[in-house]
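We count residues from 1, following the sequence as given. All values below come from the heavy atoms of this structure, side chains included, with hydrogens, waters and symmetry mates left out.
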Amino acid sequence: MKSTLRAVGIARVLLRHRLDELLESTVFGRWLWLLRPITPAHDGETGLPRGQRLRLALQELGPIFVKFGQVLSTRRDLLPPDIAEELTLLQDRVAPFPGEQAQTLIEAALGKPIAAVYTEFDLTPLASASIAQVHAARLHDGREVVVKVLRPGIRRQIRADVELLRTLASLADRHHPAADKIRPQEVVSEIEATLHAELDLQREGANASLMRRTWLGSDELYVPEVFWDYSTETVLTMERVRGIPSDDIAALDAAGIDRKLLAARGVRVFYTQVFRDNFFHADAHAGNIWVDATRPDNPRFIAIDFGIVGQLDRRDQYYLAENFMAIFQRDYRRIAELHIEAGWMPGHIRIDELEAATRAVCEPYFTRPLSEISLGEVLVKLFKTAQRYELTLQPQLILLQKTLLNIEGVGRLLDPKLDIWAEARPVLEKILRERYSPQTLGSEFRKRLPELITHAPDMPRLLHDFLALQVRGQHTLNMRSEDLAELARISKAGQRQTVYAILGTGLMVVAAVLVGLDAGGPRLLGIPAAAGIAGLGAFGAFLAAWPRR
């Protein structure tokens with residue numbers, strides 16, 4: 001009942017923002033019109049673009065849906081460009097909960113009074129977001145810190161909303177004509193995984209600690225220290241840092257910051273994180289990337305909020321770097337070959353067709369001055385073009401796209417004439433040269449040598465057993481077929497739909513009999529309540545039996 005009422009509430013919000021047009025071709029659109037006569041539209045929104053109206057609707061639905069929209073904005077492979085761009089503007093700022101309640105939660109998590117941990121604790125939060133809020137404090141040794149604490153009841157709220165999203169995704173999977181391209185269940189799973197990762201502040205602290213260790217002593221990036229003695233899964237205590245948001249150009253100029261040098265460093269930091277460290281800050285908007293104002297002539301960035309980080313497996317990392325180098329060299333055939341070698345596309349795709357499609361995407365960019373070329377845009381368009389050729393991508397590559405666009409946006413804001421290609425190319429060349437040098441390969445072999453030696457004595461026995469099975473004709477061949485699995489799935493779905501259809505028919509007959517015999521008991525609108533319940537049950541069963549497109 002709670003889920004039903006929440007779903008009706010969501011439907012009315014969508015109608016108030018006149019977003020039913022997004023669902024016209026689906027089963028949802030056919031039901032939403034029932035609520036439209038009793039749901040007036042918001043004044044002044046008629047002429048707004050659909051992306052802006054969707055953003056306003058998510059903000060009205062509450063902080064969890066704001067977070068859903070932010071996560072969804074990273075899936076540019078699934079969303080129209082106008083909606084994806086608008087969702088990136090969602091602001092994760094919500095009303096704070098009382099500081100006294102935050103203090104109680106912190107004391108419960110740390111198992112000691114607040115005064116035993118901090119000499120000072122400001123009950124007024126510095127910032128408040130959908131998942132947690134942050135308070136300023138001071139340790140007994142005098143160091144200033146910030147304390148991040150999860151919102152009370154946030155796990156229960158997220159669990160309830162994710163369950164509702166699962167139900168809606170299941171209906172979309174069954175009825176949406178483009179469900180195979182949208183993959184609603186996968187989108188919900190990705191949102192759920194991201195939210196649960198952000199609910200574990202110990203995990204966020206570990207992300208920050210690793211990134212700090214990697215960049216310790218750097219002139220390009222500073223990462224605050226984590227105080228593990230005062231941190232748990234629900235409370236995170238970190239060094240307090242001060243800086244200027246990277247999009248506040250007036251404040252940066254007033255502080256005398258060398259913006260050109262800073263912009264170039266931002267590009268180098270990103271490519272180094274991706275291809276040297278394989279560990280990059282994946283929520284790198286201006287609110288999370290500050291500038292150290294104490295170093296105007298030698299500026300560096302300050303990173304905060306490490307709830308979302310990205311990593312690639314070594315294979316994707318290699319092929320992505322090679323793709324970038326091929327783009328730099330305008331080697332379109334190499335780009336096409338790399339997409340197939342990486343396994344991102346099936347091997348039956350014709351190389352010459354993919355090469356021509358790649359050329360059509362890239363050539364218009366190379367006619368512009370280098371300062372106007374966005375590598376992020378090129379990569380996004382390449383992946384979108386490749387989708388016509390059955391491209392399949394890991395979510396982390398989509399996350400990388402989004403982060404690359406953010407970094408380039410910040411860089412161009414700091415220095416409109418920034419040549420991103422010139423800054424990225426030497427970093428990539430140096431990393432690839434070091435990563436695949438004979439010394440590095442020899443070092444990797446030495447690391448794996450003990451494992452190889454350990455398993456070496458088993459090899460003759462395994463070979464003998466294999467040959468013996470072959471001679472006796474006892475070798476077992478296990479095969480997996482996607483087509484057979486799909487047939488089995490369709491068969492199960494058909495059986496389930498048949499059961500629901502029979503159940504719906506039976507309940508409809510029961511409802512008709514009860515009405516015909518004028519059954520006693522309570523009545524609703526002149527109809528026996530029992531008949532009404534049977535009728536609603538029949539409607540639900542028929543909806544469940546509706547064939548998936």
Side-chain angles (χ1 to χ4, degrees), residues 74 127 129 131-132 134 143-148 193-194 196-233 235-246 262 264-292 294-295 298-314 316-317 320-321 395-397 399-408 410-411 423-424 427-428 430-431 434-435:
T74 67
I131 301 292
V134 178
R143 285 182 291 183
E144 288 187 287
V145 295
V146 292
V147 186
K148 188 172 186 177
T194 302
H196 281 297
E198 291 198 55
L199 286 174
D200 186 353
L201 296 186
Q202 194 158 347
R203 179 171 177 167
E204 179 179 342
N207 293 339
S209 183
L210 175 57
M211 196 170 291
R212 175 180 171 81
R213 187 164 65 249
T214 306
W215 291 89
L216 196 61
S218 168
D219 285 331
E220 298 180 329
L221 179 68
Y222 184 79
V223 178
E225 181 182 358
V226 177
F227 296 95
W228 288 112
D229 290 341
Y230 316 117
S231 300
T232 67
E233 291 184 1
V235 173
L236 178 62
T237 301
M238 297 185 69
E239 172 191 359
R240 184 174 185 180
V241 291
R242 291 179 172 82
I244 302 171
S246 54
L262 188 67
R265 284 185 170 178
V267 174
R268 290 198 296 270
V269 165
F270 170 74
Y271 283 93
T272 302
Q273 284 189 341
V274 173
F275 295 106
R276 184 197 72 183
D277 307 335
N278 192 19
F279 193 76
F280 59 94
H281 194 303
D283 198 15
H285 57 77
N288 289 338
I289 305 296
W290 296 353
V291 178
D292 189 346
T294 63
R295 302 156 52 106
N298 188 24
R300 66 177 174 182
F301 290 96
I302 301 172
I304 61 172
D305 195 348
F306 304 89
I308 305 177
V309 297
Q311 286 182 284
L312 305 173
D313 65 40
R314 293 184 70 86
D316 280 340
Q317 191 184 25
L320 192 64
Q396 290 291 41
L397 284 175
L399 195 61
L400 178 77
Q401 283 183 17
K402 176 242 186 186
T403 308
L404 178 56
L405 289 169
N406 282 346
I407 292 296
E408 289 188 348
V410 170
E423 296 300 333
V427 174
L428 276 175
K430 179 175 182 290
I431 291 171
E434 293 175 353
R435 173 68 59 84

message: What's the separation between atom CG in Asn288 and atom CD1 in Ile302, rounded to the nearest 0.5 Å?
response: 12.5 Å
message: Give me each pair satisfying salt bridge (Lys or Arg N to Asp or Glu O under 4.0 Å) with a member in residues 199-210, each pair once, sequence neighbours excluded.
response: Lys148-Glu204
task: For Glu408, enumerate each residue passing the salt bridge (Lys or Arg N to Asp or Glu O under 4.0 Å) test, keeping only those at least two apart in sequence or located in another chain.
output: none
query: Taking only residues two or more places apart in sequence, or in another chain, which ones meet Ser218 in a side-chain contact (heavy atoms from CB on, under 4.5 Å)?
result: Trp215, Glu220
task: State which residues pass ring-ring contact (aromatic ring centres under 6.0 Å, His included) with Phe275; sequence neighbours excluded, sorted by chain then number.
output: Phe324
- prompt: Rounded to the nearest 0.5 Å, how far apart are CG of Asn278 and CD of Gln317?
  reply: 4.0 Å
task: Using ring-ring contact (aromatic ring centres under 6.0 Å, His included) as the criterion, list what pairs up with Phe270, not counting sequence neighbours.
output: none
statement: Closest heavy-atom pair, Glu198 versus Ile131, reported as atoms and distance to 0.1 Å, is O-CG2, 3.9 Å
- request: Check the pair Tyr271, Leu404 against side chain to side chain contact (heavy atoms under 4.5 Å, CB included), reporting the backbone distance first and the verdict last.
  value: CA-CA 9 Å; Tyr271 283 93; Leu404 178 56; 3.4 Å; yes
statement: Taken in chain and number order and not counting sequence neighbours, the residues that satisfy ring-ring contact (aromatic ring centres under 6.0 Å, His included) with Phe301 are none
- line: So salt bridge (Lys or Arg N to Asp or Glu O under 4.0 Å) across residues 269-280, not counting sequence neighbours, yields none
- prompt: Do you know which two heavy atoms are closest between Leu262 and Pro299, and how far apart they sit?
  reply: CD1-CB, 3.7 Å
- prompt: Any side-chain heavy atom of Thr214 within less than 4.5 Å of one from Phe279?
  reply: no
- request: Please report the closest heavy-atom contact between Arg268 and Thr272, naming both atoms and the distance.
  value: O-OG1, 2.6 Å
field: Nearest-0.5 Å distance, CG of residue Leu236 to CG of residue Leu201
entry: 5.5 Å
query: With sequence neighbours excluded, what pairs up with Glu144 under the side-chain contact (heavy atoms from CB on, under 4.5 Å) test?
result: Arg138, Arg240, Arg242
message: Arg213: which residues meet the salt bridge (Lys or Arg N to Asp or Glu O under 4.0 Å) condition with it, sequence neighbours left out?
response: none
- request: For Arg265, check salt bridge (Lys or Arg N to Asp or Glu O under 4.0 Å) against everything at least two apart and list the hits.
  value: none
- prompt: Which atom pair, heavy atoms only, marks the closest approach of Trp290 to Pro245?
  reply: CD1-CA, 3.9 Å
- line: Tightest non-hydrogen contact, residues Pro224 and Ala303, listed as CD-O, 3.2 Å
task: Could you grab the distance from atom CG of Asp283 to atom CZ of Phe306, nearest 0.5 Å is fine?
output: 11.0 Å
task: Indicate yes or no for a side-chain donor-acceptor contact from Ser231 to the backbone of Thr237 under 3.5 Å, with no hydrogens or angles considered.
output: yes
field: Contact summary for Ala321 and Leu428, nearest pair of heavy atoms
entry: CB-CD2, 4.2 Å
field: Value rounded to 0.5 Å, distance of CD1 in Ile304 from CD1 in Ile289
entry: 8.0 Å
- line: So CG of Leu199 and NE2 of His196: to nearest 0.5 Å the spacing works out to 6.5 Å
field: With sequence neighbours excluded, residues passing side-chain contact (heavy atoms from CB on, under 4.5 Å) with Arg212
entry: Leu216, Tyr222, Val223, Glu225, Glu239
task: Find out whether His281 and Thr403 are in side-chain contact, i.e. whether some heavy atom of one side chain is under 4.5 Å from a heavy atom of the other.
output: no
Non-neighbouring partners of Val410 that pass side-chain contact (heavy atoms from CB on, under 4.5 Å), sequence neighbours left out: Ser246, Leu414
